[in-house]
Chemist: 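Have a look at this one.
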Number of protein chains: 2
Amino acid sequence: MLELAIMGFLYDAPLHGYELRKRITALTGHVRPVAESTLYPAIKRLEQAGLLERATEPGAVAAPRHVLTLTDDGRRELHRRLAEPVQRDITDENRWFTVLAFLRHLADPGAQSAVLRRRLAFLETPSSFFYDGDRPVRAEELDDPFRRGILTVARATTEAELAWLRATIDALDDAAG
Amino acid sequence: MLELAIMGFLYDAPLHGYELRKRITALTGHVRPVAESTLYPAIKRLEQAGLLERATEPGAVAAPRHVLTLTDDGRRELHRRLAEPVQRDITDENRWFTVLAFLRHLADPGAQSAVLRRRLAFLETPSSFFYDGDRPVRAEELDDPFRRGILTVARATTEAELAWLRATIDALDDAAG
DNA sequence: TTGATATACCTCGGAAGCGATGTATTCTCT
DNA sequence: AGAGAATACATCGCTTCCGAGGTATATCAA
């Protein structure tokens with residue numbers, strides 16, 4: 001997920017690590033903060049995999065910067081991860097939001113629509129958080145106010161996302177012809 | 001998060017690992033599946049920390065079961081983690097839902113209300129996913145339909161949760177007197 | 001009788017993440 | 001002149017998690 005965000009930001013323009021961190025913090029930091037000790041090893045991993053290159057520049061304000069540029073392999077890898085996300089990127093909201101944040105880099109509306117359809121299929125599959133045996137329990141049946149809250153919030157999220165997904169898939173499919 | 005779920009389920013009744021896995025899968029499995037190779041080491045960690053005990057029983061159907069029971073220390077630890085969650089348990093929706101799923105074990109309405117207030121404070125803090133410099137960007141301003149989706153869904157979730165939180169906090173504070 | 005399925009548990013290697021800590025430089029305020 | 005904050009990068013040890021694979025028993029259908 002972090003690697004996806006790094007590649008997604010670098011796709012637009014080369015950045016140095018510190019700036020990258022600020023962008024990632026703005027994107028997901030309030031929900032899931034990114035530690036420097038997570039970011040720098042991730043950059044190193046991507047560099048060793050040949051997905052990005054670093055060039056040292058004198059620091060504009062302080063210490064020297066390592067400006068990171070996505071390689072052609074890196075661009076291909078980003079496209080691959082956006083076009084064929086692993087299932088966890090589809091089901092886990094944090095990961096899914098990261099995919100969405102960069103899905104525009106997948107220029108083809110048909111490919112974008114296909115990714116949204118996977119999320120749609122996941123949300124349309126009946127599922128619950130709580131079961132009485134095999135039977136899913138509805139919010140109204142629960143005595144526990146906290147578990148009721150989980151179901152209430154999840155339902156509101158799902159409904160809003162389904163509406164958005166259906167409208168956006170339609171628009172993309174119109175654009176794809 | 002996983003440890004919290006294990007302790008939360010065992011708080012009600014002793015269970016063996018396989019049954020525990022089914023319950024955790026029902027709770028969060030569709031969003032974030034739990035691998036056996038994650039569950040069993042977690043059980044071992046909790047056992048070594050003295051938070052649960054295991055007793056071997058002949059298997060009802062197949063291989064022998066290890067029935068897990070929460071110790072007094074385990075009950076205290078669960079209370080501690082529910083009453084004073086780390087900040088990530090408050091901000092990360094997956095973790096927060098796990099806290100909510102077992103918050104009823106914290107018998108005191110005042111303590112429950114205090115935890116909900118922390119989530120309320122987090123949701124009331126203005127934050128966005130996208131910024132133009134320091135200024136948060138609203139959904140309507142975005143050309144990117146995918147980023148617009150993120151903001152649309154996040155807003156619906158936040159509004160539903162705020163309404164539920166305020167109503168539930170009021171009810172708890174009435175109960176606490 | 002053979003194979004599939006469900007039950008039930010476990011280990012290993014590696015990936016990924018985090019808190020704590022360290023090292024420099026430059027700018028700004030007092 | 002000195003302190004503090006911001007910039008900029010990095011390592012270390014630890015925990016958590018996952019995929020792949022392994023072991024064994026019981027049930028049931030072909």
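Lettering follows sequence order; numbering is per chain, from 1. Hydrogens, waters and symmetry mates play no part in the numbers below; they use all other heavy atoms, side chains included.
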Chemist: Identify which nucleotide among D/dA8, D/dC17, C/dC9 has an atom closest to any side-chain atom of B/Arg65, counting heavy atoms from C-beta outward.
Modeler: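 Output: C/dC9.
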
Chemist: Which whole-number value in Å describes the distance from B/Ile43 CD1 to D/dC17 P?
Modeler: 13 Å

Chemist: Taking only side-chain N and O atoms of A/Lys44, does any of them lie within less than 4.0 angstrom of OP1 or OP2 on D/dT11?
Modeler: yes

Chemist: Could you give the CG-to-C1' distance, from A/Asn94 to D/dC17, as a whole number of Å?
Modeler: 16 Å

Chemist: Check whether any side-chain N or O of B/Ser37 sits under 4.0 Å from OP1 or OP2 of D/dG19, and answer yes or no.
Modeler: no

Chemist: From the list C/dG17, C/dA24, D/dC12, which nucleotide is the closest neighbour of the side chain of B/Arg88?
Modeler: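 Looking only at heavy atoms from C-beta outward on B/Arg88, the closest nucleotide is C/dG17.
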
Chemist: Rounded to the nearest Å, what distance is computed from the CD atom of residue B/Glu57 to the P atom of nucleotide C/dC9?
Modeler: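 From B/Glu57 CD to C/dC9 P: 11 Å.
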
Chemist: Kindly point out which of D/dT11, C/dT7, C/dC18 is positioned nearest to the side chain of A/Tyr40?
Modeler: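 The answer is D/dT11, which lies nearest to the side chain.
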
Chemist: For a quick check of understanding: with a heavy-atom distance under 4.0 Å over all strands, which category does B/Glu3 fall into, base, sugar-phosphate or nothing?
Modeler: sugar-phosphate

Chemist: Using the side-chain heavy atoms of B/Pro41, tell me which of these nucleotides is nearest: D/dT7, D/dC9, C/dT11.
Modeler: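 Side chain of B/Pro41 sits closest to C/dT11.
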
Chemist: Working to the nearest 0.5 angstrom, can you tell me the gap between A/Thr71 OG1 and A/Glu47 CD?
Modeler: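 Atom-to-atom, A/Thr71:OG1 and A/Glu47:CD are 10.5 Å apart.
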
Chemist: Is the phosphate of C/dG17, meaning OP1 or OP2, less than 4.0 Å from a side-chain N or O of A/Arg45?
Modeler: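 Checking A/Arg45 against C/dG17: at least one side-chain N or O falls below 4.0 Å of OP1 or OP2.
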
Chemist: From D/dA8, D/dA24, D/dC18, pick the nucleotide closest to the side chain of B/Ala63?
Modeler: D/dA24

Chemist: Tabulate below the donor-acceptor pairs under 3.5 Å that side-chain atoms of residues 9-18 of chain B make, not counting sequence neighbours, or state none.
Modeler:
residue : atom : partner  : partner atom : Å
B/Tyr11 : OH   : B/His79  : NE2          : 3.2
B/Asp12 : OD2  : B/Arg104 : NH2          : 3.1

Chemist: Name the nucleic acid region contacted by A/Pro33, choosing base, sugar-phosphate or nothing; use a 4.0 angstrom heavy-atom cut-off, strictly under.
Modeler: sugar-phosphate

Chemist: When you compare the side chain of A/Ile6 with that of A/Leu39, does any pair of heavy atoms fall below 4.5 Å?
Modeler: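 The answer is yes, as the side chains (C-beta and beyond) meet within the 4.5 Å cut-off.
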
Chemist: Among D/dC17, D/dT11, D/dA10, which nucleotide has an atom closest to any side-chain atom of A/His66?
Modeler: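 Given the options D/dC17, D/dT11, D/dA10, the side chain of A/His66 is closest to D/dA10.
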
Chemist: Would you tabulate the side-chain donor-acceptor contacts of residues 58-70 of chain A under 3.5 Å, counting partners in other chains and residues two or more places apart, or write 'none'?
Modeler:
residue : atom : partner : partner atom : Å
A/His66 : ND1  : A/Arg54 : NH1          : 3.0

Chemist: Which nucleotide sits closest to the side chain of B/Tyr18: D/dC17, D/dT11, C/dA8?
Modeler: C/dA8

Chemist: Where the side chain of A/His16 is concerned, which of D/dA8, C/dC10, C/dC18 is the nearest nucleotide?
Modeler: D/dA8

Chemist: NA contact type, B/Arg54, heavy-atom cut-off 4.0 Å: base, sugar-phosphate, or nothing?
Modeler: sugar-phosphate

